[in-house]
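Okay, structure first, notes after.
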Amino acid sequence: MRDSFAIDLLGWYDRHARALPWRIGPADRAAGMRPDPYRVWLSEVMLQQTTVAAVRAYFARFTSLWPDVQALAAAPDAAVMAEWAGLGYYARARNLLACARAVAAQGGFPDAETGLRRLPGIGPYTAAAVAAIAFDRPAVVVDGNVERVISRVFAVHEPLPRSRPQIAALAATVTPQDRPGDYAQAMMDLGATLCTPRNPACGICPVIAHCEGRRAGIAADLPRKQAKPAKPTRRGVVFVARRTDGAMLLERRPDRGLLGGTLGWPGGDWSETPAPAHPPLAAQWTPLNTEVRHTFTHFHLILSVQIAHAAPDAEPDSGTFVPDFAPRSLPTVMRKVWDAAAPHFT
DNA sequence: TACCCGTGGGA
DNA sequence: TTCCCAAGGGT
């Protein structure tokens with residue numbers, strides 16, 4: 001009944017689809033080509049709450065190092081964590097590896113939503129997206145783009161996240177049985193390039209005739225969103241020790257919680273009222289006169305940095321001296337600490 | 001159900 | 001500077 005919406009959107013997609021490394025374009029799809037489910041899955045996980053621009057380089061490196069799911073499944077945990085460093089939301093990397101191993105053991109990806117949904121790191125969105133894009137299943141794909149487009153097309157006044165069930169129901173009414181993979185990607189492209197959060201390009205929108213929000217003059221104000229609480233500021237201390245041979249004292253964080261499973265500098269707790277921190281090593285510690293600032297999803301962090309030169313036979317209370325230290329293998333906040341400390345070791 | 005979980009770019 | 005936010009999932 002709402003087929004004309006999908007037809008108009010797909011007509012636009014046929015002419016304006018973005019070329020992306022993990023995508024099979026509409027012309028090739030029409031010729032019968034299908035994308036590699038491994039690449040679709042990998043890209044979807046990387047793209048969770050992450051921009052296309054940030055994902056490109058990581059996707060290229062991952063697919064170069066691990067061309068298929070069997071190769072990724074065989075990779076060491078530390079190698080995958082190191083390659084993911086800087087991309088954020090590190091639970092994704094741990095789940096990625098767990099998922100790859102499960103898929104490799106099963107002999108391949110499930111080709112439908114229900115089977116995909118059981119895999120680690122694959123939630124409602126990613127299951128639907130992989131089912132639609134890789135296997136042309138008519139799954140209802142709802143991500144942030146779709147929420148925005150649907151909110152505007154149907155003039156949904158209810159604010160997010162309360163409006164999610166309503167949006168999903170409305171999205172289902174316009175999802176076609178024909179070309180579901182192209183349709184899902186067309187919705188993403190529309191949301192990313194025209195139906196943007198600010199200053200939507202309604203003047204050149206292919207579905208403006210269907211847009212109730214535009215007709216009411218409120219498209220740019222949708223979707224409404226619940227106000228977010230302000231971020232508190234936490235403080236902490238980190239210790240950067242360099243051994244005479246160049247090895248750096250690093251510590252792998254526990255799998256759970258903030259920066260779970262990543263490598264970093266030993267230090268105290270991060271809190272609005274941190275307890276005094278104990279150095280991981282007996283040495284002469286010198287404070288840097290500059291602090292490191294970083295903002296996480298739900299708090300600001302100010303780190304003070306202590307540095308020391310460690311003896312060749314130094315035995316740390318916590319952490320391990322890493323001889324072939326690569327700053328790129330650290331999450332961004334820890335790399336910022338390195339950038340502040342490194343000049344003092346030269 | 002809320003809350004936790006990164007990062008970099010743009011306004 | 002500060003805030004928003006981008007192809008969400010786990011608990």
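Throughout, a chain's letter reflects where its sequence line sits, starting with A, and its residues are numbered from 1. Note that the structure is predicted; figures quoted are calculated from it, not measured.
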Atom pair distance, as rounded to whole Å: CH2 in A/Trp270 and C1' in B/dC4: 15 Å

Identified ring pair (Phe, Tyr, Trp, His ring centres under 6.0 Å) partner of A/Trp22 from the options A/Phe59, A/Tyr38, A/Phe62: A/Phe59

For A/Ala53 and A/Gly260, take the nucleotide of DNA chain B holding the closest heavy atom to each; which residue's nucleotide lies nearer the 5' end? A/Gly260

For A/Asp182 and A/Pro26, indicate whether the former's side chain and the latter's backbone hold a donor-acceptor pair under 3.5 Å. no

To the nearest Å, give me how far apart NZ (A/Lys231) and P (C/dC4) are. 8 Å

Taking for A/Arg117 and for A/Gln185 the nucleotide of DNA chain C with the nearest heavy atom, the one nearer the 5' end belongs to A/Gln185

Minimum heavy-atom distance between A/Pro343 and A/Asp339, given as atom pair plus value: CD-O, 3.4 Å

Given 3.5 Å as the limit, does a donor-acceptor pair link the side chain of A/Arg92 with the main chain of A/Trp84, or not? no

Which sits closer to the 5' end of DNA chain B, A/Val333 or A/Asn199, going by the nucleotide each is nearest to? A/Val333

Write down the distance between NE2 (A/His294) and P (B/dG6), rounded to a whole number of angstrom. 9 Å

What is the separation between atom NE2 on A/His300 and atom P on B/dG6, rounded to the nearest whole Å? 16 Å

So what does A/Thr295 hit on the nucleic acid, given a heavy-atom distance under 4.0 Å: a base, only sugar-phosphate, or nothing? base

Taking OP1 and OP2 of B/dC5, is either one under 4.0 Å from a side-chain nitrogen or oxygen of A/His298? yes

Which of C/dG9, B/dG6, C/dC5 is nearest the side chain of A/Leu258? It is B/dG6

Go nucleotide by nucleotide along DNA chain C from the 5' end; which of A/Met188 and A/Arg198 gets its closest nucleotide reached first? A/Arg198

What is the distance, rounded to the nearest whole Å, between atom NZ of A/Lys228 and atom P of B/dC4? 14 Å

Any A/Tyr89 side-chain N or O less than 4.0 Å from OP1/OP2 of B/dC4: no

Answer with base, sugar-phosphate or nothing: what part of the nucleic acid does A/Thr297 contact at a heavy-atom distance below 4.0 Å? base

What distance, rounded to whole Å, do you find between the two P atoms, one in C/dG9 and one in B/dG8? 22 Å

Could you walk me through whether A/Asp8 and A/His210 satisfy the side chain to side chain donor-acceptor pair (under 3.5 Å) test, starting with their C-alpha distance in whole Å, then the side-chain angles of each, then the deciding distance to 0.1 Å, before giving a yes or no? CA-CA 9 Å; A/Asp8 290 347; A/His210 307 274; 2.7 Å; yes

Regarding A/Arg94, tell me which of base, sugar-phosphate or nothing describes its non-hydrogen contacts under 4.0 Å with the strands shown. nothing

From the candidates C/dA6, B/dT7, C/dG8, the one with an atom nearest any side-chain atom of A/Tyr90 is B/dT7

For A/Arg18, report the nucleic acid contact type (base, sugar-phosphate, nothing); a contact means any heavy atom under 4.0 Å. base

Checking all strands, does A/Leu301 fall into the base, sugar-phosphate, or nothing category for heavy-atom contacts under 4.0 angstrom? nothing

Is A/Arg328 positioned over the aromatic face of A/Trp338, cation under 6.0 angstrom from the ring centre and no more than 45 degrees off axis? no

Distance, rounded to the nearest Å, where A/Ile167 contributes CD1 and C/dG8 contributes P: 13 Å

Hey, does A/Trp41 reach any base, or is it just sugar-phosphate, or nothing, if we go heavy atoms under 4.0 Å? nothing

Contact check, side chains of A/Arg23 and A/Pro35, non-hydrogen atoms, under 4.5 Å: no

What nucleotide among B/dG8, C/dG9, B/dG6 has an atom nearest to a side-chain atom of A/Arg335? B/dG8

Listed nucleotide nearest any side-chain atom of A/Thr332, set C/dA6, C/dG9, B/dT7: B/dT7

C/dG8 phosphate, OP1 or OP2: any side-chain N/O from A/Gln49 under 4.0 angstrom? yes

In terms of side-chain heavy atoms of A/Arg256, which of C/dG10, C/dT11, C/dG8 is nearest? C/dT11

Using a cut-off of 4.0 Å on non-hydrogen atoms, how would the nucleic acid contact of A/Pro331 be classed: base, sugar-phosphate, or nothing? sugar-phosphate

Would you classify A/Arg162 as touching base, sugar-phosphate or nothing, given that sugar-phosphate means primed atoms plus P, OP1 and OP2, and contacts are heavy atoms under 4.0 Å? nothing

If you look at every strand shown and take non-hydrogen atoms under 4.0 Å, does A/Leu259 touch a base, only sugar-phosphate, or nothing? sugar-phosphate

Looking only at N and O atoms, is any donor in the side chain of A/Thr51 or the base of B/dG9 less than 3.5 Å from an acceptor on the other one? no

Whole angstroms only, please: what is the CD-P distance between A/Gln48 and B/dG8? 18 Å

Indicate, with a heavy-atom threshold strictly under 4.0 Å, whether A/Val55 touches base, sugar-phosphate, or nothing. nothing

Check every strand shown and say whether A/Gly86 touches a base, only sugar-phosphate, or nothing at a heavy-atom separation below 4.0 Å. sugar-phosphate

